[in-house]
S.K.: 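Here it is: the structure, laid out below.
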Amino acid sequence: MSTAEARLRDRIGGGRALALIDGNSFYCSCERVFDAKLARVPVIVLSNNDGCAIARTPEAKALGIKMGDPYFKIRGLCEAQGVRVFSSNYTLYGDMSARINAIYRDSTPDVEVSSIDESFLDLTAFVRRDRVALARDIRATVRAWTGIPTCVGIGPTKTLAKLANHIAKTVPELDGVCDLTEPTAYEHWLCRIHVGELWGVGRASLPKLEAMGIDTVADLRDIDPRPVRKALTVVGERMIHELRGVSCLGLELVPARRKGCAVTRSFSGRVTERSELEQAVAAHATRLGEKLRREGLGTDHITVFYHTSEHDRGEPMRSVSTMVTLPEATNDTLALIPAALHGVARTWREQGSPPWRYSKAGVVTVDLKPLAASQRALIGQLDRERAGRLMGALDVCNARFGRGSVVPARAGLAQQRRTWTTKFEMRTPRYTTQVDELPVAHA
DNA sequence: AGTGTCACCAACCGGGCC
DNA sequence: TTCCGGCCCGGTTGGTGA
């Protein structure tokens, strides 16, 4: 590419520079912060219920442990190879994430927190040389202050920043930073990265692109967008424009009000009793209420679902999903629980033999509304004042004594919770957020 | 014995309506 | 009266990433 073309392409990017910073094997790195013996040994963190591997250090990846591998299938390998295995500790990871984002905000206020371990930073105001220097500085600070290793990708659009981050992670010589606003680097890398690595290309889209003869990211950038739009919808077309430097995905500095909220869990065993299913559903409704109250949101209908496992081949299968309407929008646990239980009552079928063995249940809402502004019911109005005071007291107790200290009896008392509660058998302490779980230093 | 949770988007489809 | 097309809607489905 000529210099003139390079300048043009630079201008097409609008001179914008976005950085995507993320934590390397984030959950594993959080565990390593609190146990020096975990350095350089393979570490994995499991999903809820100790089901699958969802975070792996490079040492664990090298042993062939894949993202999403069921733990019961790799357990032998882990024991033989000395892999350190942890249940997920979201309280800890969430707190580490907040600390890291506070460090990012020391460099620029323009930060979009896009997930628990990734944030976009707008570096447009910095000249190119300073951007890379700043990226190295941020990495070093996060490492020094929190112990978490990170990588930084810089590009004129989100898609290119994300791609740059992937390159920074996989090419050791780059020392954790890749800048694709640099035209030479842009030309160099796009034709060397497989299109399957691109953000937005998953298991369904990849074969479609391959069928169109697309192999590298550069192939996708240079193809006629129309057939791609036909196969991958506007999402695919947007990807092409983003790769060309035309920004289609804006930076969202103010988190948008959430539109939906779900609480879903697999059971640690299989549930066959109606009373156990009811306990689980009531507990999920309780948690839903907590989440909605925290954000001042309410809902006037909830969907309750429960189903057997796809993996239980040869057993009777059943999947239930039902929507229950409330008289008006609420986040009162004592209104949500009866609604959720109504969903069970309406759909429960007496067990035959063999019985349905349910593996998972959940409570889901869409269309959340800010409660202050929501339409009041003409009939069946709920007593918001009274419910508000009661729920406020409940939330205060649970904040002080730990979640689940005070729960409605329908959600089950500790000694009744057997078959359905989630497993976390290998969870580390919540080092940074619970006083009684602080790490102890021995002098 | 046992295979995660959650949010969001886009497409699609059927029903109601004009 | 019936049919049709276009539009909006609500609900469902499938895809994605982390």
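Quick note on labels: first sequence line is chain A, next is B, and so on, each numbered from 1.
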S.K.: How far apart are the C-alpha atoms of L134(A) and R131(A), what are their side-chain angles, what is the distance that settles it, and do they pass the side-chain contact (heavy atoms from CB on, under 4.5 Å) test?
M.R.: CA-CA 5 Å; L134(A) 177 64; R131(A) 288 170 197 158; 5.7 Å; no
S.K.: If you compare every side-chain N and O of K259(A) against the phosphate oxygens of dC9(B) (OP1, OP2), does one of them come in below 4.0 Å?
M.R.: yes
S.K.: Whole Å only: how far is the CZ atom of F120(A) from the C1' atom of dG17(C)?
M.R.: 11 Å
S.K.: Output yes when at least one side-chain N/O atom of R270(A) is less than 4.0 Å from OP1 or OP2 of dA1(B), else no.
M.R.: no
S.K.: Of the candidate nucleotides dG4(B), dA10(B), dG15(C), which contains the atom at the shortest distance from the side chain of S205(A)?
M.R.: dG15(C)
S.K.: So if I take every side-chain heavy atom of R238(A) and compare against dC9(B), dT5(B), dT16(C), which nucleotide ends up nearest?
M.R.: dC9(B)
S.K.: Whether S266(A) contacts dT5(B) is assessed here as follows: a side-chain N or O lying under 4.0 Å from the phosphate OP1 or OP2. Is that the case?
M.R.: yes
S.K.: Write down the distance separating the P atoms in dG16(B) and dC3(C), rounded off to the nearest Å.
M.R.: 16 Å
S.K.: Side chain of K291(A), heavy atoms from C-beta onward: which of dA10(B), dC6(B), dT3(B) has the nearest atom to it?
M.R.: dC6(B)
S.K.: Without decimals, in angstroms, what is the distance between I116(A) CD1 and dT5(B) P?
M.R.: 16 Å
S.K.: If you look at every strand shown and take non-hydrogen atoms under 4.0 Å, does L198(A) touch a base, only sugar-phosphate, or nothing?
M.R.: sugar-phosphate
S.K.: Look at all strands and tell whether V364(A) reaches a base, only sugar-phosphate, or nothing, counting heavy atoms closer than 4.0 Å.
M.R.: nothing
S.K.: What nucleic acid atoms does D69(A) come within less than 4.0 Å of, heavy atoms only: base, sugar-phosphate, or nothing?
M.R.: nothing
S.K.: So which nucleotide from dA10(B), dG4(B), dC6(B) ends up closest to the side chain of V234(A)?
M.R.: dA10(B)
S.K.: Base, sugar-phosphate or nothing for R258(A)? Non-hydrogen atoms, less than 4.0 Å.
M.R.: sugar-phosphate
S.K.: Can you tell me which nucleotide in dG2(B), dG4(B), dT3(B) comes closest to the side chain of R357(A)?
M.R.: dG2(B)
S.K.: On a whole-Å scale, what distance lies between the P atoms belonging to dC4(C) and dG14(B)?
M.R.: 16 Å
S.K.: Between the side chains of R16(A) and S247(A), does any donor sit under 3.5 Å from an acceptor?
M.R.: yes
S.K.: Categorize E118(A) for me: base, sugar-phosphate, or nothing, with a 4.0 angstrom heavy-atom threshold over every strand shown.
M.R.: sugar-phosphate
S.K.: Over all strands shown, is N49(A) touching base, sugar-phosphate only, or nothing at heavy-atom distances under 4.0 angstrom?
M.R.: nothing
S.K.: What is the separation between atom NE2 on H311(A) and atom C1' on dG4(B), rounded to the nearest whole Å?
M.R.: 10 Å
S.K.: Starting at the 5' end of DNA chain B and moving along, which residue's nearest nucleotide shows up first, E315(A) or R265(A)?
M.R.: E315(A)
S.K.: Taking only the side-chain heavy atoms of S47(A) (C-beta and beyond), determine which of dT16(C), dG2(B), dG4(B) contains the nearest atom.
M.R.: dG4(B)
S.K.: Charged N to carboxylate O under 4.0 angstrom, K291(A) versus E295(A)?
M.R.: no
S.K.: Quick one: is K360(A) getting a side-chain N or O under 4.0 Å of the dT5(B) phosphate, OP1 or OP2?
M.R.: yes
S.K.: Please report whether the ring centroid of F305(A) lies less than 6.0 Å from that of H307(A).
M.R.: yes
S.K.: In terms of the nearest nucleotide of DNA chain B, which residue is placed more toward the 5' end: Y90(A) or C261(A)?
M.R.: Y90(A)
S.K.: Between the side chains of R293(A) and T333(A), is a donor N or O closer than 3.5 angstrom to an acceptor N or O?
M.R.: yes
S.K.: What is the distance, rounded to the nearest whole Å, between atom NE2 of H307(A) and atom C1' of dT12(C)?
M.R.: 15 Å
S.K.: Take atom CZ of R203(A) and atom C1' of dG14(C), then tell me their distance rounded to the nearest Å.
M.R.: 9 Å
S.K.: Mind checking the C1' distance from dT16(C) to dG4(B)? Whole angstroms is fine.
M.R.: 15 Å
S.K.: Using only heavy-atom distances, determine whether the side chains of T181(A) and D179(A) contain a donor-acceptor pair under 3.5 Å.
M.R.: yes
S.K.: Under a plain distance cut-off of 3.5 Å, with no hydrogens placed, do N48(A) and T422(A) share a side-chain donor-acceptor pair?
M.R.: no
S.K.: Which listed nucleotide (dA1(B), dT16(C), dG4(B)) is nearest to the side chain of A204(A)?
M.R.: dT16(C)
S.K.: Among dC6(B), dT3(B), dG4(B), find the nucleotide with the atom closest to the side chain of T264(A).
M.R.: dC6(B)
